[in-house]
J.: 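Structure below; questions to follow.
Sequential numbering from 1 along the given sequence is applied to the chain's residues. A quick note: this is a predicted structure, and the numbers were derived from the prediction, not measured.
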Amino acid sequence: VCIYISVLGLVLLIKYFFNETICMKEKILSFIVILIFASSITFEFFNLVWHGFSFPNGYNYRFSFVFCLFFCYLACRQYSCNHKLSLIFMIPIILLFGFICTYLKGRYVYLSDNSINMTFMFFVLYFILLNFNKGKLILAVLVLLEIIINFNMTFSTAKRLDYDNYVYSYRDSICDKIYSFGGNYRVSMQNIISSDDGFLCNIKDVGVTLTTNNKLYYQFMHNIGYSVTYSTI
């Protein structure tokens with residue numbers, strides 16, 4: 001599951017719960033809603049309820065966009081109030097976030113040191129700008145800079161070249177074996193590269209990705225000779 005509302009949204013969300021101008025009842029209700037979403041991600045039963053008591057074939061936790069939308073609403077609520085935090089609260093929050101970033105470096109290998117360091121840097125900058133009210137223009141420029149850096153680190157040229165090399169290697173090793181069979185054989189591939197690997201090898205096959213189907217559909221396709229992949233939690 002992916003929950004991401006930008007670094008700015010995270011800072012505003014934290015400040016929301018320290019905002020004295022927002023009544024305690026609202027903050028308690030907001031915390032309960034967040035707790036419900038977190039429980040839905042943590043416990044399989046609640047996730048099953050969200051999906052109509054039938055897990056999809058892959059791509060679970062499809063309610064996560066509602067979770068992100070609620071986070072964004074709370075962030076906008078905080079930004080409209082323009083509440084400032086004292087240094088007594090700012091420093092411990094920044095230090096705690098730095099500790100979390102250090103912890104994430106060693107736990108998740110797919111998170112690079114550069115991405116963690118850049119996230120922490122923007123976290124501190126947003127906190128300072130919002131707390132000292134340095135102007136909307138500077139904040140907008142900083143958000144635009146974050147988006148550019150995020151996009152570049154996510155869709156870098158190196159990653160694209162690695163993917164292309166993998167596709168070419170796959171085509172050379174798998175497609176050539178299919179061509180060597182000759183004759184009329186039923187060919188079914190497993191969507192290793194895309195949703196239509198038959199197109200990659202220029203062959204006629206059944207390449208379908210439907211995550212809303214149940215197990216009976218995949219069992220039927222398996223029984224008539226096609227390879228299927230059914231994955232859920």
J.: Specify the closest pair of heavy atoms between S39 and F46, including all atoms of both residues, with the distance to one decimal.
T.: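 In terms of heavy atoms, the two residues are closest at O-CD1, 3.8 Å.
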
J.: Do any N or O atoms from the side chain of S64 and from the backbone of F67 form a donor-acceptor pair under 3.5 angstrom?
T.: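 No; zero donor-acceptor contacts below 3.5 Å.
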
J.: Is there side-chain contact between I93 and F123, with at least one heavy-atom pair below 4.5 Å?
T.: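 Counting from C-beta outward, I93 and F123 do come under 4.5 Å.
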
J.: Decide whether Y16 and E26 meet the rule of one side-chain donor and one side-chain acceptor closer than 3.5 Å.
T.: yes

J.: For A75 versus G9, what's the shortest heavy-atom pair and its separation?
T.: CB-O, 4.0 Å

J.: Please tell me whether I128 and I94 are part of a single hydrophobic cluster in this structure, the criterion being side-chain heavy atoms less than 4.5 Å apart.
T.: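 Yes.
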
J.: For E146, does its backbone N or O pair with a side-chain atom of N150 as donor and acceptor, under 3.5 Å?
T.: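 A pair under 3.5 Å: no.
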
J.: Please report the shortest heavy-atom distance between S30 and L74, naming the atom on each side.
T.: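 Shortest heavy-atom separation between S30 and L74 comes out as OG-CD2, 3.6 Å.
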
J.: K27 side chain to N19 main-chain N or O, any donor-acceptor pair under 3.5 Å?
T.: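 Checking the backbone N and O of N19 against the side chain of K27, a donor-acceptor pair under 3.5 Å is found.
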
J.: Looking at F17, I want to see if its CZ is surrounded by more than 12 non-hydrogen atoms of other residues, nucleotides or ligands under 6.0 Å.
T.: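 Check passes, neighbour count above 12.
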
J.: Measuring from atom OH of Y79 to atom CG of L130, what distance do you get when rounded to the nearest 0.5 angstrom?
T.: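 Nearest 0.5 Å value for the OH-CG distance: 7.0 Å.
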
J.: Can you check whether W50 and F37 have ring centres sitting under 6.0 Å from each other?
T.: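 Yes, close enough.
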
